[in-house]
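Data block below; observations after.
Heavy atoms only: backbone and side chains are in, while hydrogens, waters and symmetry mates are out.
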Amino acid sequence: MRVSVLASFLCFLKFNMNTTLRRATNWFSLLGLLLFLSVNVNAQQYELAPSPALACLTLTPGAPSTIEYPEALYKSKSSGKVIVDLEFFDPEAAPKVEVFDQYVESQFILVVKKHVAQFRLPCIKNGDAPVHFRQEYNFLPHDSRRVVSSTPIDLAHQKKIKQLQCIAHIKPGTRPRFPVSALRRGSQGNFFVALRFNSPDQPPVVTWLAAASDSHLKESVADFVEGLRMPCLDDTPFVSTFIYSFNIEGGSRVFLKDSDLLGFLSSAREMQKPVEFDFDTMNCPFDLRVNYRRPYAPSGIGELENSNIARKPFLAWLSKVTLDLNESDNNRVLGSIFTLHVPCGSLKL
């Protein structure tokens, strides 16, 4: 669908990272504006809450968060990829490591094994079923000695993500309708719902996490959800979230635009304090992809290009930062996806 885009870009206020951040007097510096030329109902993909096991993965105190490129292999411009499976049995023990490709340079394998030996999973309890992660490390000698690591994958959680693909409507191709009454009133808005499937042949139980004010739009979402089924469901209830967005011709849509960390935090109303983060230990600078869902749920935070386990406490904290918006604008920016740049240095609040 074609749209004409009008973006309003304003400058961010600059703040000193080593002092307490002041609340921005004008949070519009974070916003852009789109003008839509047609009626549209957009929907994000079904999503799961992040893996709780992955959220508690950590490093032993004092362990380096990055891998050094083996000097001899860098000089010979050797590259390689190491894929490892990590199996955790004990909260205080190093994981059992299985390497998939044994034909890669042995020195690459050794430095990866040395690195992941410092991983711990403190939330696992003795006697629990083992937790399995998979992670990939790429050694790139022509790119400033970069060792790029992927975000670890919780293999059990990955199976649940694949289950999302079987959620379907009993009438294929059906989408939430845009009620004529809402269109006449110029109503727009977002609906954030949690869907709990208890049976493969029954509609899900709906929890409304956020809802625009127009009751007819809400009824449209409720009618659509009534037709959803999950035929691959086993005996375990399954919970997923979804965002539905209603936009109309001539209406405006507010969204959050790309920002640096200081600009984002300067417009925040709520964040946990006191906190202190040293980005120099996190392989800085780095970029994050934010799916903003506050204050209804933690925002989704993804690492771009390279993952670093030392960032996890910061990412968890960042996911709960809430911008200084009123109720209407909270709904309007719900589901905004933008890039957040994190510089080197430190943050102390």
Side-chain angles (χ1 to χ4, degrees), residues 44-61 63-67 81-100 112-138 147-165 194 236-241 272 275 277 279 281-283 286-294 297-321 337 340 342:
Q44 293 187 1
Q45 293 181 341
Y46 299 104
E47 294 184 344
L48 290 175
S51 160
L54 185 57
C56 85
L57 184 63
T58 187
L59 281 170
T60 57
S65 66
T66 58
I67 293 178
K81 177 190 296 185
V82 180
I83 302 175
V84 291
D85 262 10
L86 310 175
E87 187 174 26
F88 290 87
F89 298 88
D90 184 287
E92 299 179 357
K96 177 182 176 182
V97 181
E98 179 182 355
V99 179
F100 274 83
V112 169
K113 283 187 171 182
K114 180 179 179 181
H115 177 67
V116 299
Q118 303 302 316
F119 287 9
R120 296 294 184 270
L121 199 65
C123 58
I124 193 174
K125 298 178 181 178
N126 291 318
D128 283 354
V131 175
H132 297 262
F133 294 142
R134 180 169 295 165
Q135 192 171 23
E136 181 178 303
Y137 294 84
N138 284 281
V147 182
V148 179
S149 57
S150 66
T151 300
I153 297 172
D154 181 340
L155 296 183
H157 192 258
Q158 193 71 7
K159 291 180 180 179
K160 293 183 179 180
I161 292 176
K162 291 182 179 179
Q163 282 186 278
L164 292 172
Q165 300 173 6
T236 305
F238 191 97
V239 178
S240 173
T241 59
Q272 180 185 344
V275 292
F277 298 107
F279 301 126
T281 66
M282 303 180 191
N283 196 18
F286 54 92
D287 291 331
L288 303 172
R289 181 61 49 82
V290 180
N291 185 335
Y292 187 75
R293 300 171 187 158
R294 301 296 294 159
S299 295
I301 311 289
E303 298 170 276
L304 298 180
E305 294 187 4
N306 196 8
S307 177
N308 189 289
I309 192 173
R311 299 172 188 162
K312 285 193 173 295
F314 169 65
L315 302 186
W317 174 83
L318 186 65
S319 73
K320 297 180 181 178
V321 172
I337 298 175
L340 189 69
V342 181

[X] side, atom [atom1]; [Y] side, atom [atom2] - distance, nearest 0.5 Å:
{"X": "L48", "Y": "T241", "atom1": "CG", "atom2": "OG1", "answer": "7.5 Å"}
{"X": "Q272", "Y": "K320", "atom1": "CD", "atom2": "NZ", "answer": "7.5 Å"}
{"X": "T60", "Y": "Q118", "atom1": "OG1", "atom2": "CD", "answer": "3.5 Å"}
{"X": "T236", "Y": "Q163", "atom1": "OG1", "atom2": "CD", "answer": "8.5 Å"}
{"X": "S65", "Y": "H115", "atom1": "OG", "atom2": "NE2", "answer": "7.0 Å"}

Do [X] and [Y] come within less than 4.5 Å of each other through their side chains, counting heavy atoms only?
{"X": "F314", "Y": "V275", "answer": "no"}
{"X": "F286", "Y": "N308", "answer": "no"}
{"X": "R289", "Y": "I337", "answer": "yes"}
{"X": "I83", "Y": "R134", "answer": "yes"}
{"X": "E303", "Y": "L315", "answer": "yes"}
{"X": "R311", "Y": "N283", "answer": "yes"}
{"X": "L340", "Y": "L318", "answer": "yes"}
{"X": "V342", "Y": "D287", "answer": "no"}

Nearest heavy atoms of [X] and [Y], plus distance in Å:
{"X": "A94", "Y": "A117", "result": "CB-O, 3.3 Å"}
{"X": "E92", "Y": "R120", "result": "O-NE, 3.2 Å"}
{"X": "C56", "Y": "P122", "result": "O-CD, 3.3 Å"}
{"X": "P95", "Y": "L86", "result": "CB-CB, 4.0 Å"}
{"X": "L121", "Y": "I124", "result": "O-CG2, 3.0 Å"}
{"X": "P64", "Y": "L59", "result": "O-CD1, 3.9 Å"}

For [Y], is there any backbone N or O sitting under 3.5 Å from a side-chain donor or acceptor partner on [X]?
{"X": "S240", "Y": "E47", "result": "yes"}
{"X": "S319", "Y": "G300", "result": "no"}
{"X": "Q135", "Y": "V84", "result": "no"}
{"X": "N306", "Y": "S149", "result": "yes"}
{"X": "H157", "Y": "P52", "result": "no"}
{"X": "S51", "Y": "L54", "result": "yes"}

Practice task
Let me see the working for T66 and V147 under side-chain contact (heavy atoms from CB on, under 4.5 Å), right down to the final yes or no.
Solution key: CA-CA 8 Å; T66 58; V147 182; over 6 Å; no

Practice task
Please state whether the rings of W317 and F277 are parallel, tilted or perpendicular, taking 30° and 60° as the class boundaries.
Solution key: tilted

Exercise for the section: Determine, stepwise, if the pair L57 / K312 fulfils side-chain contact (heavy atoms from CB on, under 4.5 Å). Expected result: CA-CA 8 Å; L57 184 63; K312 285 193 173 295; 4.2 Å; yes

Exercise for the section: Could you tell me whether F88 and F119 have their ring centroids closer than 6.0 angstrom? Expected result: no

